[in-house]
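A short worksheet on the structure shown next.
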Amino acid sequence: MLRLAEEKSATFDREYNKARTEARELLTSLKSQADREQREIMDKAKQESKELLQAAEAELLLEEKRVRSELSKESDQIKNDIIKALMGQRAKKMESV
Amino acid sequence: MKNLLATLSLVVLGAEASLASTQAEHSINWWGLGSQYKDAPALGWLTITFVIFIWILVRSIKKPLSLYLETRSNDIRKAIEEGKEARLRGEEKLRLYEVKLQSLDQEIAKLKNSFMEQAAAEKAEKERLAEEASVRILKDTKDTIKANYERSKNRLAQEVIRKALADAQKTIMENERAPMDDYLKERLVSDLKSAAKDVPL
């Protein structure tokens, strides 16, 4: 009777340990899959960020080029304002003298 | 003991009876002693001697024998009880493991479910962290773009001012140099004078 009980106990332990090992392997596999998915999400985000940054830089360069030609007019205007201001001060001074 | 003595008596009586049947041929010596009876020893005395021998033997070994038998009986009883207990334990263990074996599939399913839940929770947590990191990366990228834009704007403004100043200087140097020199000199002198007034003597 005891031997039979021990045999059943050994069978139980063996089957249980086998199932436990299988479940552990499954868990490890799922964990590595989750890690891989996490890395994929991060890589995707980094790639998107990189593309966004590159597109923004390209757009900024174009915009700078466009704005720079427009700003040359502004520069002339500012130059004239400076000269006008200086000359105006001089004229006022001469009048006061 | 009494049974043994009774059995011996019966044996002796039986022997006497069988001897009596052969009395016709030989005369039986029951109580005669001496050299003339050397071919036919006295059966009566032999019987008595044998009975006394048996009585002494029984008397001398009765106690140890009964003690041995009692001990042996106790041992056997104890062994039987232990066997019964072991049997009960074995039956209990067997029943327990039969139940366990029957529920083994459930136990395994429970174990696997537990592991699957653990894995799902870890996966969800990792996905959440990854999503948070993605949002953070995107926000950082947008901030970087905005900062680049601001830097570019400032650089352009500086360029415009620098160019305007340079052009203004160039124009003045080319066209209005002498009057501007005079004006600046006067302005310098005037500033020095006003500054000298403020200095305490």
Side-chain angles (χ1 to χ4, degrees), chain A residues 1-9 11-12 15-16 18-20 22-24 26-31 33-35 37-42 44-46 48-50 52-53 56-57 59-61 63-64 67-68 71-72 74-83 86-87 89-90 93-94 97, chain B residues 86-87 89-98 100-101 104 107-108 111-112 114-116 118-120 122-127 129-131 133-138 140-142 144-145 148-149 152 155-157 159-161 163-168 171-172 176 179-180 182-183 186-187 190:
Chain A
M1 191 68 75
L2 265 174
R3 200 170 56 233
L4 188 61
E6 278 165 9
E7 276 174 17
K8 293 224 179 225
S9 145
T11 308
F12 176 84
E15 293 294 322
Y16 190 78
K18 189 179 159 194
R20 194 179 173 82
E22 281 174 10
R24 262 194 201 292
L26 182 66
L27 179 65
T28 310
S29 147
L30 287 172
K31 273 185 182 177
Q33 190 184 340
D35 283 340
E37 283 179 10
Q38 188 185 22
R39 273 197 305 277
E40 281 173 5
I41 291 171
M42 295 289 289
K44 192 181 165 196
K46 282 178 188 169
E48 279 177 5
S49 165
K50 192 177 167 186
L52 198 65
L53 205 58
E57 280 175 2
E59 193 184 349
L60 193 62
L61 279 176
E63 195 67 13
E64 268 186 18
V67 167
R68 195 166 273 131
L71 285 178
S72 67
E74 293 288 327
S75 170
D76 287 344
Q77 182 64 42
I78 292 166
K79 180 195 83 175
N80 292 333
D81 288 347
I82 292 167
I83 293 169
L86 284 170
M87 298 310 281
Q89 280 182 8
R90 179 177 164 268
K93 185 79 181 171
M94 293 304 287
V97 170
Chain B
R87 184 187 167 82
R89 276 202 307 276
E91 279 176 355
E92 179 64 23
K93 209 171 176 182
L94 181 63
R95 195 182 57 74
L96 185 74
Y97 276 103
E98 273 175 353
K100 271 192 169 182
L101 267 179
L104 180 64
E107 292 279 334
I108 290 170
L111 181 75
K112 281 187 178 171
S114 151
F115 277 19
M116 290 292 279
Q118 196 182 334
E122 280 191 28
K123 188 181 174 187
E125 179 65 13
K126 282 181 179 173
E127 278 179 0
L129 289 173
E131 291 295 337
S134 299
V135 170
R136 205 166 47 245
I137 288 170
L138 192 63
D140 289 348
T141 306
K142 283 180 178 170
T144 306
I145 290 168
N148 284 347
Y149 173 76
S152 172
R155 195 173 59 241
L156 283 173
E159 275 180 24
V160 168
I161 297 294
K163 188 173 181 297
L165 283 171
D167 287 349
T171 304
I172 289 168
E176 306 283 344
M180 191 54 74
D182 293 340
Y183 166 68
E186 283 170 18
R187 181 81 184 265
S190 165

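So you know, we letter chains A, B, ... as the sequences are listed, proteins then strands, and number each from 1.
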Can you tell me how far [atom2] of [Y] sits from [atom1] of [X], rounded to the nearest 0.5 angstrom?
{"X": "Lys44(A)", "Y": "Ser134(B)", "atom1": "NZ", "atom2": "OG", "result": "8.5 Å"}
{"X": "Ile172(B)", "Y": "Leu86(A)", "atom1": "CD1", "atom2": "CG", "result": "5.0 Å"}
{"X": "Leu60(A)", "Y": "Ile145(B)", "atom1": "CG", "atom2": "CD1", "result": "9.5 Å"}
{"X": "Ile137(B)", "Y": "Leu52(A)", "atom1": "CD1", "atom2": "CG", "result": "12.0 Å"}
{"X": "Arg20(A)", "Y": "Phe115(B)", "atom1": "CZ", "atom2": "CZ", "result": "5.0 Å"}
{"X": "Arg155(B)", "Y": "Arg68(A)", "atom1": "CZ", "atom2": "CZ", "result": "7.0 Å"}

### Query
Checking heavy atoms, do the side chain of Glu37(A), its backbone, both or neither come under 4.5 Å from chain B?
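Just its side chain gets close to chain B.
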
### Query
For Gln77(A), is it the side chain, the backbone, both or neither that has a heavy atom under 4.5 Å from a heavy atom of chain B?
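Neither part, no heavy atoms under 4.5 Å.
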
Please state whether the side chain, the backbone, both or neither of [X] comes within less than 4.5 Å of a heavy atom of chain A.
{"X": "Glu92(B)", "value": "neither"}
{"X": "Leu138(B)", "value": "side chain"}
{"X": "Ile161(B)", "value": "side chain"}

Which of the residues [options] is involved in the greatest number of heavy-atom pairs with chain B at under 4.5 angstrom?
{"options": "Ser75(A), Ala56(A), Ala34(A), Ala45(A)", "result": "Ser75(A)"}
{"options": "Ala19(A), Ser29(A), Ser49(A)", "result": "Ser49(A)"}
{"options": "Ile78(A), Leu30(A), Ile41(A)", "result": "Ile41(A)"}
{"options": "Leu27(A), Leu26(A), Thr11(A)", "result": "Leu27(A)"}
{"options": "Leu71(A), Asn80(A), Asp76(A)", "result": "Leu71(A)"}

Taking [options] one by one, which has the highest count of heavy-atom pairs under 4.5 Å against chain A?
{"options": "Glu131(B), Lys142(B), Glu159(B), Glu107(B)", "value": "Glu159(B)"}
{"options": "Gln118(B), Met116(B), Lys100(B)", "value": "Lys100(B)"}
{"options": "Ile108(B), Val135(B), Asp167(B)", "value": "Asp167(B)"}
{"options": "Glu98(B), Glu125(B), Arg95(B), Glu127(B)", "value": "Glu98(B)"}
{"options": "Ala133(B), Ala120(B), Ala164(B)", "value": "Ala164(B)"}
{"options": "Leu101(B), Thr171(B), Leu129(B)", "value": "Leu101(B)"}

### Task
Take atom CZ of Phe12(A) as the centre, draw a 6.0 Å sphere, and report whether it contains more than 12 heavy atoms from other residues, nucleotides or ligands.
yes

### Message
Check this for me, if you would: do Glu122(B) and Lys31(A) make a salt bridge, where the nitrogen-to-carboxylate-oxygen distance has to be below 4.0 angstrom?
### Response
yes

### Query
Do Glu64(A) and Leu156(B) come within less than 4.5 Å of each other through their side chains, counting heavy atoms only?
yes

### Message
In the structure I gave you, are the side-chain heavy atoms of Lys112(B) and Glu22(A) within less than 4.5 Å of one another anywhere?
### Response
yes

